**Student:** 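Attaching a single structure in C-alpha cells format; questions to follow.
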Protein chains: 4
Amino acid sequence: MTQAPRWRRRKEARPSEIVDAALGAFVERGYAATRLEDVAARAGIGKGTLYLYFSGKEELFKAVVRQHLLPALAAAERRVETADGPTPALLAEVLGTLIAAAAGPMGAIPKLVIGEAANFPDLARFYADEVVARGFGVLRALVARGVERGEFRPMDPDAVAPLLAAPMLLTALWKNALEPHASRELDTATMARTAVELLQLGLLPRREEGP
Amino acid sequence: MTQAPRWRRRKEARPSEIVDAALGAFVERGYAATRLEDVAARAGIGKGTLYLYFSGKEELFKAVVRQHLLPALAAAERRVETADGPTPALLAEVLGTLIAAAAGPMGAIPKLVIGEAANFPDLARFYADEVVARGFGVLRALVARGVERGEFRPMDPDAVAPLLAAPMLLTALWKNALEPHASRELDTATMARTAVELLQLGLLPRREEGP
Amino acid sequence: MTQAPRWRRRKEARPSEIVDAALGAFVERGYAATRLEDVAARAGIGKGTLYLYFSGKEELFKAVVRQHLLPALAAAERRVETADGPTPALLAEVLGTLIAAAAGPMGAIPKLVIGEAANFPDLARFYADEVVARGFGVLRALVARGVERGEFRPMDPDAVAPLLAAPMLLTALWKNALEPHASRELDTATMARTAVELLQLGLLPRREEGP
Amino acid sequence: MTQAPRWRRRKEARPSEIVDAALGAFVERGYAATRLEDVAARAGIGKGTLYLYFSGKEELFKAVVRQHLLPALAAAERRVETADGPTPALLAEVLGTLIAAAAGPMGAIPKLVIGEAANFPDLARFYADEVVARGFGVLRALVARGVERGEFRPMDPDAVAPLLAAPMLLTALWKNALEPHASRELDTATMARTAVELLQLGLLPRREEGP
DNA sequence: CATGAATGAGACTTCATTCAT
DNA sequence: TATGAATGAAGTCTCATTCAT
C-alpha cells in the first residue's frame, strides 16, 4: 500500500522496538549493569544492529528517557489546559492518574535518571528542566486555577506544586525499585485516595478564612 | 585506661573512614561508576588495604547504607517515643527535621539504594524492611498519636505515613541528584514550611466534624 | 561494432573505477584503516556491489597494486629497450621520469605494499619479484648498456641498479607519507637534477682510467 | 644492594621490555594487525599490565619509535661532529654504518612510520621534523665539511643530503619488508661499498675543475 | 545486477580482585 | 598490617561479509 522501499518498513520500526527493549533491560538491571547484548537479544536483533540506530549506550539511554516521558507529559498538560469544572475534582483526577501511572512501568524512568544523573549531566539537565519543571508547571497551573476561582486557599503555587508531585514520586520509586524485594506491598489505590483527600483538605479554604 | 597503643586508634577508625570515603564516591558517581581505587585514595590508603576491612565492593556498599542510615533512624524513633506536647507541633518538628536532613548528604543514600536495588536484592530487602518500614513506623505512630488524642481527624495511619514521607523523599532526590544540574533551585525551607502547613491542615479535624 | 548495449559500458568500467576509488582510500588511510564502505562511497556504488567484482578486501588491494604498477613498468621497459643515443642522457631522462612519477599519487603504492607486506606474503612476493626485480632489471640494462658502450666505468650493473632506484623510492615515500605532515618540502626538480648529476659523475669513466 | 623498593625494580624495567616486545610485534605484523594481547604475551605479562605503563596502543607505538630512533640518531650526530681526518673516508664510514644499521631490525621502524603516517599525523610530524630532518642535518654537515675543505666539488649540501640517505632507506625497507618474501637477496655489503664508491666519485672535484 | 540492513567475530580497554613483598 | 603491581574476565564498539529484496 505504502510505497515504502523494501527494507525501510523494518528500518522505521526498529528504533522504537530497540528503545522498548532497552527500557525493559535498564529497568531490570539498571543502566550500568545492562549489557548491550541483552538489549539486542530482547529486541530480537544482533549486537551490531544497535549501532545502526544509536551511536552507543549513552544515546540509547537518552532515547529511552525522551521517548517514554515526553508524550505522557504532553498529555497531562493538555488535560489541565482544556479542563473545566471544579478544581478540586480536577486535582483528584490528575493526581489519581499520575499516581496510577507512576505505579506502572513508566515509573521506572525516574529511578533510572536519578541513579545516573551524575554520569549524564546533560540528561539530568534535560530531565530537570524539561520533564520535572514542566511537570511542576502543570501542577502549579492547577493550583493557581483553584486559587483564582476561590476554590483553594491563597497559596503560592510554586511552593505547593512539588508537594503534589511527591506522592507520585514515592509511588514510582517504591513500586519499581523496592517493592519487588520488600515483604509488604503498597496499596496504590488507597495511597492515591488518601493523598487526594489530604491535599484537597489542605488546600480548601478554611471556613474562618472565608468572608 | 585501655592499653591500646596509640596507633591502634587509627586502625580502629579505619573502617569508618573508609565507609565515609565510599559514601562520598558513591554519591558523586553512582555505585557502578565508582572505582575502588578512588575510594582508597579518598580514604588515604592503598587499594589493597580496603580488602582487609571489607570483602569487596558489594560489602562496602552495604556498610555505607547501614552505617549512615540506622543511627538517624534510631534518633527519629526516640524523638517520637519520648515526645509530649501537642501532636501538630511534633509533626511540624519531625517533618522539618527530616526534610532538612534529606537535603543534606545523607539524602544521597536513597538515591543509591533505589538505583541499585535490582542488583542487590538483599540490600533492597534490608532497606525496604529495616529502613523504610521502620521510618514509616515512626510516622505512623505520630499520626496514631494525633488521632488518639483527638488532634487529628480519624484516619488510617498506615495510609497517611507514606504521604508524610513523600516530601522528604522528593527533597532528598532533588537536592542530591537533579538540582546540581538544573537551572532552578528548590527552597528547602519553604518546602518544609508548606509541607507542614498543608499536611497539618489536611489532618486537622474539620470543624463540622467535631462534636 | 560490438553489440554490447550502452549500459554494459558502465558495467565494464566498474572494476577499474572501484580500483581507483580503492587506491585513493588506501593511500589516504592505509589498508587496515580503510573501510570498504568508504571505498564504495567513493566509487559511487553500494557496499554490496563491491563483492560482485572483488571477492573481498584483500583481492581489491591486490588489484590496486597490479593495475597501477604494471603499465608504468612496461612503459619504462619499452623506453629503455628502444632507446638509442648516448647512455648518460638516457639515464638522465629515465631517472627524471621515475622521480617525477614517484612524486605523484602512484608513488603511494610502494608505501602500501611495504606497510602490508607481512600480512600479504603473496602480494609481497609478487611485488618483489614482478615489480621490484623487473624495475631493477630496467636499470641494470641501462647500466650495462653504458658500460658496454664505454660511456660508464666498468661496474657491476646488479650492484648499481638499486642505487639508481633509491632516490625514486625516497621521493615516493617522502612525498606520499611524510611531507604532508612535515614543516619542510622537498624540491623534486632539484632532487632529480642533483641525483642525475651525482650518479652520472659517479658512473662516468675517470680520466686516468681511460686509455 | 640497591635500596630499590620491593616492586620497583621490576616496574622500572617493564616499560622498556614492553616497548621491545611491541617493536617486534609491530615489525612482524604491522601496527593495525598487531593485537595488544600478543604484545603482552611477548613481554611475558598480562593484557591489562600494558595499561599500567602506556595509555593505549597509540602511545605504545609512539614510544617504540621514540625509544629506538633517537639514541641511534644522537650517536650519528656525535660521530660527525667530533670527526677529524679526510671527509671522503668519513663519508664512507658513516654511510657504511648507516646502511648496516638499516639492514638490521632498527630498519623496520621507517616502515612502520611510513605505513601509519596518515593515521598518526603528530607522529609523522615528529618523525619528519625530528628524525628525518635531523638525519639529513648530519649528512648535510658532512657534505658541507667536504666542500669547505676542498675535498668535494662545490655542491648544495641541502640537495645532496637526501641522496646520501636514499640507499639507507632502500636497504631498510627491502631488508625488513620485501626480502623475506622475495626470491633474491640483496647483498648489503656490496650495496654499501658500491654506494660509497659511486657517491664519493660523484662528489669528488673533477680534475678540470681544480685550479 | 544492485543494494544496504543485518550480523557477529574480534579488538581495545576498564577495573575488581589477588598476592608477593 | 599495608601496599600496589599484576591480572583477566567482561563490556563496548567496529567493520568485513552476507543475503533478502
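If you're wondering where the values come from, they're calculated on a predicted model, not measured in any experiment. To find a chain, count down the sequence lines: A is the first, B the second, and so on, and within it residues start at 1.
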**Student:** Answer yes when D:Arg125 and D:Asp122 have at least one side-chain N-carboxylate O distance shorter than 4.0 Å, and no when they do not.
**Tutor:**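 Salt bridge flag = no for D:Asp122 with D:Arg125.
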**Student:** What is the separation between atom CZ on D:Arg29 and atom C1' on E:dA11, rounded to the nearest whole Å?
**Tutor:**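 That distance rounds to 14 Å.
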**Student:** Whole angstroms only, please: what is the CD-C1' distance between B:Glu17 and F:dA2?
**Tutor:**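 That distance rounds to 14 Å.
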**Student:** Taking only the side-chain heavy atoms of A:Tyr51 (C-beta and beyond), determine which of E:dA5, F:dT1, F:dC13 contains the nearest atom.
**Tutor:**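 So the side chain of A:Tyr51 is nearest to F:dC13.
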**Student:** Any side-chain N or O of B:Arg14 below 4.0 angstrom from OP1/OP2 of F:dA2?
**Tutor:**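 Checking B:Arg14 against F:dA2: at least one side-chain N or O falls below 4.0 Å of OP1 or OP2.
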**Student:** Side chain of A:Leu36, heavy atoms from C-beta onward: which of F:dC13, F:dA2, F:dA6 has the nearest atom to it?
**Tutor:**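 Given the options F:dC13, F:dA2, F:dA6, the side chain of A:Leu36 is closest to F:dC13.
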**Student:** Return the 5'-most residue of the pair B:Leu50, C:Tyr31 with respect to DNA chain F, ranking by each residue's nearest nucleotide.
**Tutor:**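 Residue closer to the 5' terminus by nearest nucleotide: B:Leu50.
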**Student:** Is F:dA5 paired to anything, Watson-Crick or G-U wobble with both distances less than 3.5 Å, and if yes, which nucleotide?
**Tutor:**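 Checking every strand shown, F:dA5 finds its partner in E:dT18, with both distances under 3.5 Å.
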**Student:** Applying a 4.0 Å non-hydrogen cut-off, can you work out what B:Thr34 is touching in the nucleic acid: base, sugar-phosphate, or nothing?
**Tutor:**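 Sugar-phosphate, no base atom in range.
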**Student:** For C:Lys57 and A:Arg35, find the nucleotide of DNA chain F closest to each by heavy atoms; which residue's nucleotide sits nearer the 5' end?
**Tutor:**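 Result: A:Arg35.
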**Student:** Reckon B:Lys47 touches a base, only the sugar-phosphate, or nothing at all at heavy-atom distances under 4.0 Å?
**Tutor:**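 Counting heavy atoms under 4.0 Å across all strands, the contact made by B:Lys47 includes a base.
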**Student:** Can you tell me the distance, in whole Å, between the CG atom of D:Leu52 and the P atom of F:dT7?
**Tutor:**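 Rounded to the whole Å, the gap is 9 Å.
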**Student:** I want to confirm an ordering. Mapping D:Gly48 and A:Gly48 to their closest nucleotides on DNA chain E, which one lands closer to the 5' end?
**Tutor:**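 By nearest-heavy-atom nucleotide position, the 5'-most residue is A:Gly48.
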**Student:** Honestly, is B:Lys62 close enough over B:Phe54, meaning NZ or CZ under 6.0 Å from the six-membered ring centre and within 45° of the axis?
**Tutor:**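 Judged by the rule, B:Lys62 and B:Phe54 form no cation-pi pair.
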**Student:** Using whole Å, what does the distance between atom P of nucleotide E:dC1 and atom CD1 of C:Ile18 come to?
**Tutor:**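 The answer, rounded to whole Å, is 12 Å.
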**Student:** Does A:Thr49 put a side-chain nitrogen or oxygen below 4.0 Å from OP1 or OP2 of E:dT7?
**Tutor:**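 Looking at the OP1 and OP2 atoms of E:dT7, one of them is under 4.0 Å from a side-chain N or O of A:Thr49.
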**Student:** Under 6.0 Å from the six-membered ring centre of D:Phe26 and within 45° of its axis: does the NZ or CZ of D:Lys111 meet both?
**Tutor:**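 So D:Lys111 doesn't make the cation-pi contact.
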**Student:** Nearest-Å distance, CD (C:Glu37) to P (E:dA5)?
**Tutor:**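 Rounding to the nearest Å, CD of C:Glu37 and P of E:dA5 are 9 Å apart.
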**Student:** Measure CZ/D:Phe61 against C1'/E:dC12 and give the value in whole Å, please.
**Tutor:**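 Atom CZ in D:Phe61 sits about 17 Å away from atom C1' in E:dC12.
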**Student:** Near A:Arg42 CZ, under 6.0 Å, is it more than 12 heavy atoms from other residues, nucleotides or ligands?
**Tutor:**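 Yes, CZ of A:Arg42 has more than 12 neighbouring heavy atoms, counting only those of other groups under 6.0 Å.
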**Student:** Could you tell me whether the phosphate oxygens of E:dA5, OP1 or OP2, come under 4.0 Å of any side-chain nitrogen or oxygen in A:Tyr53?
**Tutor:**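 So the side-chain polar atoms of A:Tyr53 never come under 4.0 Å of the phosphate oxygens OP1 or OP2 of E:dA5.
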**Student:** Atom CD1 of C:Ile45 and atom P of E:dT3: how far apart are they, to the nearest Å?
**Tutor:**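 Going from C:Ile45 (CD1) to E:dT3 (P), I get 7 Å.
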**Student:** Whole-Å distance between E:dA16 C1' and B:Asn119 CG?
**Tutor:**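 Whole-Å distance recorded here is 15 Å.
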**Student:** Are D:Tyr127 and D:Phe120 close enough that their ring centres sit under 6.0 Å apart?
**Tutor:**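 No - the distance between ring centres of D:Tyr127 and D:Phe120 does not fall below the 6.0 Å cut-off.
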